Amino acid sequence: MANEPIKIRIKRQPGPGVASSWVDFEMPYRASMNVISCLMEIQRNPVDASGKPVDPVSWDCSCLEEVCGSCTMVINGRVRQSCSALVDNIRKERPGEPISLEPMTKFPVVRDLCVDRSRMFESLKKVKAWIPIDGTHDLGPGPRMNEVDRAESYKLSECMTCGCCVESCPNYNEDSKFIGPAAISQVVLFNSHPTGAMNAGERLDAIMGEGGITDCGNAQNCVNVCPKSIPLTTSIAKASRATSVRMITNLFDR
Amino acid sequence: MAEPRVAVIGGGLAGLMAAIRIAEKGGKVLLFSVVPVKRSHSVCAQGGINGAVNTKGEGDSVLQHFDDTVYGGDFLGDQPPIKAMTANAPRIIYLLDRMGVMFNRTPEGLLDFRRFGGTLYNRTAFAGATTGQQLLYALDEQVRRHEADGKVEKFENWEYLSSVIDDEGVARGIVAQNLSTMEIKAFACDATIIATGGPGRIFGKSTNSMICTGFAAASLYKQGAKYANGEFIQIHPTAIPGEDKLRLMSESARGEGGRVWVPKSSSDTRSPRQIPEAERWYFLEEKYPKYGNLVPRDIASREIHRVCYKLKLGIGGGAKVYLDLTHKPREVLNKKLGGILEIYEKFVGVDPREEPMQIFPAVHYSMGGLWVGYETKADGEMDMTHPKTHMTSIPGVYAAGEVDHLYHGANRLGANSLLSCIFSGDVAGPASVAYAKGLAKGADSVDKSIFDREVKRMQTEVDGIAARTGGENPFKIVDELGYMMLSECTIERYNAGLKTTRAKLDDLQARADRAIAGDSGKVANQSLRFAHQLPYLVQLAKVMVDGALARNESRGAHYKPDFEKRDDENWMATTLAQFDAKANGPSLSYVPVDARFIKPRPRTYGAPGN
Amino acid sequence: MLGFGRQRATVVVTTAPIRMNNDQRHFFYRKLHSLLGVLPLGGFIAEHFVSNAFILGGQKSYESAVGWLLNMPKPLLWTLEILTIAAPLLFHGVYGLIIARQAKNNTGNYSYARNRNFMLQRLTSFYLLVFIIYHVWSTRFTGHFTTNYTPDRIDQATGLIQSQQSIYYFMLEKLSGNWALGAVYFLGVASAAFHFGNGMWTFCIAWGITVGKKAQDNARVVFSGIGLALFALGTATVWHLVSTPNPFKV
Ligand SMILES: Cc1cc2nc3c(=O)[nH]c(=O)nc-3n(C[C@H](O)[C@H](O)[C@H](O)COP(=O)(O)OP(=O)(O)OC[C@H]3O[C@@H](n4cnc5c(N)ncnc54)[C@H](O)[C@@H]3O)c2cc1C
Ligand code: SF4
Ligand code: SF4
Ligand code: FES
């Protein structure tokens, strides 16, 4: 099967809010192709499997090395980055069947495989995912940090807002207000920074409401699909601990 | 004027830093980016950012950093801006540290620094092997904070198409296109900062992101802006050959001890770990005992090229050499280089901790870019707050980041770009506010018709392509463009080859001008967008080729075997390209390099016999 | 409330800490839902399984194990039942249904064990809700439990209760030989044991008790063990009742 032509089925949608349909494509195999290079091939030669000319497929990508988070899509039923989805590997998942590509289901589709993930960026605003520095003027070095804590935080700071985690999360959908694991993990990141900790309460408050931390049901899909292997469930547990404590201290401190 | 409005085009490191500074200065920012700014190409930067903080007791200093940068750039860089940048580098690293960048630490909890190419000091601060990502996120977070405060308005998924230039030649706003709805619209603003990054796409495959097309710079160049030193394109010595992209293997791999070698015999078919030391040739270490594997990029790339093509000693006779880290302990590698080793493992399917990597040079960075000026103070230092500092040749338009030409001369040192991007945003932001505040009349009070005129010009271009039939597919044309540029305008350049390439480019221009979209879609029409960009990319390619053709010397990344020596007498000058509509290509002129601090000296990196 | 809350915010807060805004209420209800699942409900389930398992030792063993409960003064028993079982159960059940409805299960594509458990937690809750209503109605509100259980009906000579007034025989009569009902009970027991074990495990994360992956893995072992033990006890209890012949059967 190695050098057989590549068969791909793509769920296409010409614009927002209109019906979608599956279209088959076929292209010659070359070594070390990934899903993106297949889509590029369609751009160069936009015909479907029967040879009929079609509009080229729209999709998002940028870095092609799994750091920008653009190219997320549902491949063979599982959400992941299309730039690191190598044809050799994904063809093995469903032998004999075409590779299937679909847009993420938790966000509004713009066209074909492009979706609008603004909800995730809004969440980052909501949890105040930043260090409130006084200004960019020269104030000398930042706080010292020990390397162990630093390494732990570094892991969390690799989140590229790709959306894999929320796509796989059963509790994140258009009917729920759940903020999702990525934003919760950012709360943990900023609350563990010596300066960020000064506003820890504000960030906890932001996830102590509807759609907040309590809306996680611990399905733990998120941690399984995160392409950056971010320990999301540990972050969730840490945030749970902090919010539980905050709930109790709030009762007694005021 | 109440609140100066500045359009920042691009949300990479340069654009974001500019946006933060403008917001702090009381300006209102309109931030445009073709992707959500968090996905900008700067995320790809791996190795680190330079700053002479001297925490290792090596006696490093900002002046040493200055000298390394000028020497590394083969004396083509104007010295006052480089001096200012290197002097501000420690401050910038501290600022990033305060913003929460998870830089690696020493056991004492201080910032850790590693070695990079073109220096003998540990001067590069790093956050694992995803430094660019970490820096970009820190700035992105600060911008989000200003956005929540209403000081920054983001237009993500919008593409800058052109500037609105009034009849006096002053820029009064921009025209941009919404990439989802395809709407084309004008935005009035008092100043504009172009921070759109590099032009890698012109070379087909490179280490750059797909969005690094150079389109915005090309468009402004066609509107009359000068483009400087276009012929200086950095080829990175170590990239992973790939089907869709040449993924970078950061210089930090060598900074952490990685060694470049080939088997002494190209017919050696043993697996690399079976080849004994004595039968390996560490050609960089042999030729440059002082700098070893950490010679500057232009030199390392040329050496690899020579070994593979002249001496035919690449692995198995092909175009690849080994980059070997297998002698380093696993834990150290994971901690300091995790990110990039994962990339290799993921895309090649081989664990680089166990097996030497196979790499080859790839197009990486453009030293040239939109020409920007600078003013100096009485003592010769750059005036960082002057409204004309970092302004392009079009009044009201600034450039910052990889898209400007200012800091790297003929060759950029590793880890100096993250620095120059942030520093240039740090300078251009306040300068644009100063300029806007000094304007007699703001963009709101200029005649509206100039905006309509520019929108119409762009709309006509786009509609023309959408209506066109019978032309070629733009993605196929860009493949050809890339192939041409790669073969004639990269590591080794010959006048004969450049001349034929230039002729071919004229032909390609005509074809690009007639390219079709082949997409009837009304929204997110990516082919239409690319068909619109393509002719501009060809224009920029002509600037690069013409510049290379004219410059009969070898300097930094520009290497002509027929003119092996640097020629300071004739060529210590910045190339300026200006669009000539009649010739449908650039007309070139030159200005001398401002070398007021450091006298040029031969650039040998201690190689014997040089 | 909103109107004067602004000006006198401090007063409002200090005098009425219980007054919550929408977000706080949501958080509090979710936490309460989670907490009630463990205490008292989890505790009660464990107690219920263990004491019912005394059935395996026959009538005497069983009735002495549960007798203290049944002999409690009625007002006290009712209060206890309402406060520690009925009310928490009602809240946990009804609010839990609301939560479960919000999930879009996707075990087809993401067939991780955890995700399956997540779905099972919701499925078992539906079953348990129906089952418990039936179970309580058929035992507590009809038949035996509604009549007095008095020790003087015990035959002093044999030590056995002579009639269907015995709670042991009451249950036996229901289940003995009734394999269909036995299956219903078996499913109830299995669901409850699973819901308990998995619920305890999630509780530990939701309250930040187990944070790291190791800790969560260890907790999984512990609660799987407890869950399985309860499952075994419950199954044995049901098996005993179904397979023991009812001597009073006419
Ligand atoms: C793989 C790789 C590794 C690197 N590693 C290092 C390193 O370790 N150290 C170092 O110093 N340098 C490194 N560099 C170089 C450095 O990353 C880049 O030069 C730098 O990030 C450029 O930043 P920028 O802000 O100029 O532009 P970019 O980050 O490229 O951002 C450009 C922005 O402009 C926007 N844009 C582009 N065109 C338009 C348009 N027409 N309209 C609207 N918006 C537009 C984009 O959306 C984006 O937001 C590396 C480069 C590569 C390719
Ligand atoms: S947490 Fe992981 S999966 Fe989720 S957005 Fe971040 S990187 Fe993507
Ligand atoms: S653990 Fe929580 S956030 Fe993660 S997938 Fe499950 S419900 Fe969603
Ligand atoms: S293209 Fe950047 S993550 Fe795939």
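What you see is a predicted model, and the numbers here were worked out from it, not measured in a lab. For the numbers below, each heavy atom of this structure counts, side chains included, while hydrogens, waters and symmetry mates do not. Residue numbering restarts at 1 for every chain, and letters A, B, ... go by the order of the sequence lines.
Distance check: Leu528(B) CG to Asp55(A) CG gives 11.0 Å after rounding to the nearest 0.5 Å. The CG atom of Leu64(A) sits 10.5 Å away from the CG atom of Leu246(B) when rounded to the nearest 0.5 Å. One finds the OG1 atom of Thr130(B) at 11.0 Å from the CD atom of Glu65(A) (value rounded to the nearest 0.5 Å). Rounded to the nearest 0.5 Å, atoms CE (Met160(A)) and CD (Gln133(B)) are 8.0 Å apart. Between the CD atom in Glu141(B) and the CG atom in Leu124(A) there is a gap of 8.0 Å [rounded to 0.5 Å]. Here Arg98(B) contributes atom CZ and Ile133(A) contributes atom CD1; the two are 5.0 Å apart, rounded to the nearest 0.5 Å.
Note on Asp519(B) versus Arg111(A): salt bridge recorded, some NZ/NE/NH1/NH2 to OD/OE distance being below 4.0 Å. Between Arg39(B) and Asp60(A) there is no salt bridge, since no side-chain N of the basic residue sits under 4.0 Å from a carboxylate O of the acidic one.
Proximity to chain B (any heavy atom under 4.5 Å) is shown, for Pro194(A), by neither the backbone nor the side chain. No part of Glu472(B) comes within reach of chain A, as not one of its non-hydrogen atoms sits under 4.5 angstrom from that chain. Using a 4.5 Å cut-off between heavy atoms, Val57(A) contacts chain B through its backbone alone, with no side-chain atom that close. When heavy atoms are compared at a cutoff of 4.5 Å, Phe530(B) does not approach chain A at all. Neither the backbone nor the side chain of Pro107(B) comes within contact range of chain A; no heavy atom of the residue lies under 4.5 Å from a heavy atom of that chain. With a threshold of 4.5 angstrom between heavy atoms, Ala129(A) approaches chain B through N, CA, C or O but not through any side-chain atom. With a 4.5 angstrom heavy-atom cutoff, Phe190(A) touches chain B only via side-chain atoms. Contact annotation for Asp479(B): only side-chain heavy atoms (C-beta onward) come within less than 4.5 Å of a heavy atom of chain A. Leu248(B) touches chain A through its backbone: at least one of N, CA, C or O sits under 4.5 Å from a heavy atom, while the side chain does not. Proximity to chain B (any heavy atom under 4.5 Å) is shown, for Cys63(A), by both the backbone and the side chain. Interface residue Arg150(A): backbone and side-chain heavy atoms are both found under 4.5 Å from chain B.
For the set His41(B), Lys522(B), Glu108(B), Glu342(B), the entry with the most heavy-atom pairs within less than 4.5 Å of chain A is Glu108(B). Of the residues considered (Asn88(B), Asn104(B), Leu96(B), Asp140(B)), Asn104(B) shows the highest number of contacts with chain A, using heavy-atom pairs under 4.5 Å. When each of Lys38(B), Gln134(B), Met99(B) is checked for heavy-atom pairs under 4.5 Å with chain A, Gln134(B) comes out on top. Interface check for chain A: of the options Gly100(B), Ser527(B), Ser180(B), Ser520(B), the most heavy-atom pairs under 4.5 Å are formed by Ser520(B).
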Handout entry: Verdict with reasoning, Lys335(B) to Glu147(A), per side chain to side chain contact (heavy atoms under 4.5 Å, CB included)
Key = CA-CA 11 Å; Lys335(B) 200 167 126 201; Glu147(A) 176 58 26; 3.2 Å; yes

Problem - From CA spacing to verdict: side chain to side chain contact (heavy atoms under 4.5 Å, CB included), Met102(B), Leu189(A) - result: CA-CA 10 Å; Met102(B) 290 299 160; Leu189(A) 168 65; 4.2 Å; yes

Handout entry: Audit row: Trp130(A), Arg144(B), side chain to side chain contact (heavy atoms under 4.5 Å, CB included) steps and yes/no
Key = CA-CA 8 Å; Trp130(A) 53 72; Arg144(B) 188 164 291 112; 3.9 Å; yes

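Looking at every heavy atom in both residues, Pro46(A) comes nearest to Asn473(B) through CD-ND2, 4.0 Å. Minimum interatomic distance between Gln526(B) and Ser58(A) (heavy atoms only, all atoms of both residues): OE1-CA, 3.3 Å. In this structure, Glu243(B) and Ser32(A) approach most closely via the heavy-atom pair CB-O, 3.4 Å. When all heavy atoms of Tyr137(B) and Ser157(A) are compared, the pair lying nearest together is CD2-O, 3.4 Å.
In this structure, a donor-acceptor pair under 3.5 Å is absent between the side chains of Lys346(B) and Ser84(A). There is no side-chain donor-acceptor pair under 3.5 Å between Asn146(A) and Arg105(B).
By a heavy-atom distance cut of under 4.5 Å, Arg145(B), Glu147(B), Ala148(B) are the residues of residues 145-157 of chain B near chain A, going up by number.
Looking at heavy atoms from C-beta onward, Pro141(A) lies out of side-chain contact with Leu111(B) at the 4.5 angstrom threshold.
Applying side-chain hydrogen bond (donor to acceptor under 3.5 Å, both in side chains) to Thr136(A) and the options Gln142(B), Arg91(B), Glu24(B) leaves one that passes, Glu24(B).
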